[in-house]
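These values consider heavy atoms only, across backbone and side chains, with no hydrogens, waters or symmetry-generated copies.
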Amino acid sequence: MALVPYSDSGVQSLKRFHDSSASFNFVNHNIEIKQDWKQLGVAAVVWDAALVLCMYLESGGVHLKNSSVIELGAGTGLVGIVATLLGAQVTITDRDLALEFLRVNVRDNIPKDNLHKVSVRALNWGHSLEDFSTYDFILGADIIYLEETFPDLLKTFLHLSSQQSVILLSCRLRYQRDRDFLDMMKQHFDIAEVYYDKNTDVHIFRAQLKQRKEL
């Protein structure tokens, strides 16, 4: 699914993930995100990487208004919801199992006059990519965790990217394999760390396709 649990310790630190909802305020909107740990597990709760990416977007780390955005492995959809509220045209994606859950969060948190700016679609990394075009921004929070998905995730990034596209990845670097994926990306993309939140140990990386060399 979209997200992976952190190494939180103790009952209290995990309690928030079992709450049926979580409340936030972004872009002057009160956002109420439904969570469903029992049915959908780690994909249906809000993790720190999503919150840090939302804060980065809200602070103007990039300019999203009137841009096209796709969120991969969206989980609860919080990042895509915030991107929509910031004025982007957003496609929020995850696997089929999570779509109805995603749609509920979108309907509950996007004003009706802005619902035309957001769509929820199934996207299994590496498959049926011809159904998707390129986007100005490609967003992902905690989507680097299963090594077996890395080739398909990289293939998806390459398909969705033009020379002007910007990928923003928000994540903890828990294991060497996480760094290995960034090294895989560096074969095709220029990557830089643009933000680090020391309180949550979350990094945000910005990636763009390497410029083609003139013959």
Least distance between heavy atoms, Cys54 atom then Leu78 atom: SG-CG, 3.7 Å

Side chain proximity check, Cys171 to Phe205, heavy atoms < 4.5 angstrom: yes

Pairwise side-chain contact, His29 with Ile81, heavy-atom cut-off 4.5 Å (strictly under): no

Minimum heavy-atom distance Ala74-Ile92, with the two atoms named: CB-CG2, 3.3 Å

Atom pair CG/CG of Asp94 and Leu99 - distance to nearest 0.5 Å: 7.0 Å

Donor-acceptor side-chain pairing of Glu32 and Ser23 below 3.5 angstrom: yes

Over 12 non-hydrogen atoms of neighbours within 6.0 angstrom of CG in Asn28: no

Minimal non-hydrogen separation, Ala122 against Asp96, with atom names: CB-OD1, 3.4 Å

Test log, rule side-chain contact (heavy atoms from CB on, under 4.5 Å), inputs Asn199 and Asp48: CA-CA 10 Å; Asn199 294 320; Asp48 288 337; over 6 Å; no

Same apolar cluster (I L V M F W Y, side chains within < 4.5 Å links), Leu85/Val104: no

Any side-chain heavy-atom pair of Leu86 and Val69 under 4.5 Å: no

Met185: which of Leu158, Asp190, Leu169, Asp180 passes side-chain contact (heavy atoms from CB on, under 4.5 Å): Leu169

Phe157 and Leu72, any side-chain heavy atoms less than 4.5 Å apart: yes

Heavy-atom donor-acceptor pair, Thr93 side chain to Glu71 backbone, under 3.5 Å: yes

SB check Arg179 Glu193 (cutoff 4.0 Å): no

Value rounded to 0.5 Å, distance of CD1 in Ile138 from OG in Ser165: 5.0 Å

Asn124 side chain to His127 backbone, donor-acceptor under 3.5 Å: no

Side chain proximity check, Lys34 to Phe101, heavy atoms < 4.5 angstrom: yes

Residue pair Ile191 / Ala207: nearest heavy atoms and the distance that separates them: CG1-CB, 3.8 Å

Thr200 backbone acceptor or donor facing Arg172 side chain under 3.5 Å: yes

Spatial distance of atom NZ (Lys117) from atom OG (Ser68) [nearest 0.5 Å]: 13.5 Å

ILVMFWY cluster, Val194 and Met55 together (side-chain gap under 4.5 Å): yes

Rounded distance [0.5 Å steps], CD1 in Ile204 versus OH in Tyr56: 6.5 Å

Close side-chain approach of Tyr196 and Asp201, heavy atoms under 4.5 Å: yes

Between CG on residue Asn109 and CG on residue Leu115, distance to nearest 0.5 Å: 10.5 Å

Sidechain-backbone polar pair: Asn105 side chain, Ile33 backbone, donor-acceptor under 3.5 Å: no

Nearest-0.5 Å distance that lies between atom CZ in Phe24 and atom CG in Asn30: 12.0 Å

Donor-acceptor under 3.5 Å (Asp152 side chain, Thr149 main chain): no

Minimum-distance pair of heavy atoms, taken over all atoms of Gly140 and Leu53: O-CD2, 4.0 Å

Residue pair Leu57 / Val79, side-chain heavy-atom distance below 4.5 Å: yes

Residues Arg174, Asp142; criterion side-chain contact (heavy atoms from CB on, under 4.5 Å); working and verdict: CA-CA 11 Å; Arg174 304 172 185 82; Asp142 255 339; 3.0 Å; yes

Expected output: side-chain Gln89 to main-chain His116 donor-acceptor under 3.5 Å: yes

Worked verdict on His159 versus Ser161 for side-chain contact (heavy atoms from CB on, under 4.5 Å): CA-CA 6 Å; His159 178 84; Ser161 295; over 6 Å; no

Side chain Ser170, main chain Ala49, donor-acceptor under 3.5 Å: yes

side-chain hydrogen bond (donor to acceptor under 3.5 Å, both in side chains) partners for Glu147, two or more places apart: none

Side-chain heavy-atom pair Leu154, Phe189 within 4.5 angstrom cut-off: yes

Residues, nucleotides or ligands: over 12 heavy atoms within 6.0 Å of Lys210 NZ: yes

hydrophobic_cluster_shared for Val106 and Val27, side chain cutoff 4.5 Å: yes

Steps toward side-chain contact (heavy atoms from CB on, under 4.5 Å) verdict (Tyr175, Asp178): CA-CA 6 Å; Tyr175 308 107; Asp178 304 334; 4.1 Å; yes

Under 3.5 Å donor-acceptor, His63 side chain and Gly60 backbone: no

Test item: Thr91 side-chain N/O and Ser119 main-chain N/O as donor-acceptor pair under 3.5 Å: no

Considering all heavy atoms, the nearest Tyr195-Asp197 contact: OH-OD1, 3.6 Å

Side-chain donor/acceptor of Arg121 to backbone N/O of Phe132, under 3.5 Å: no

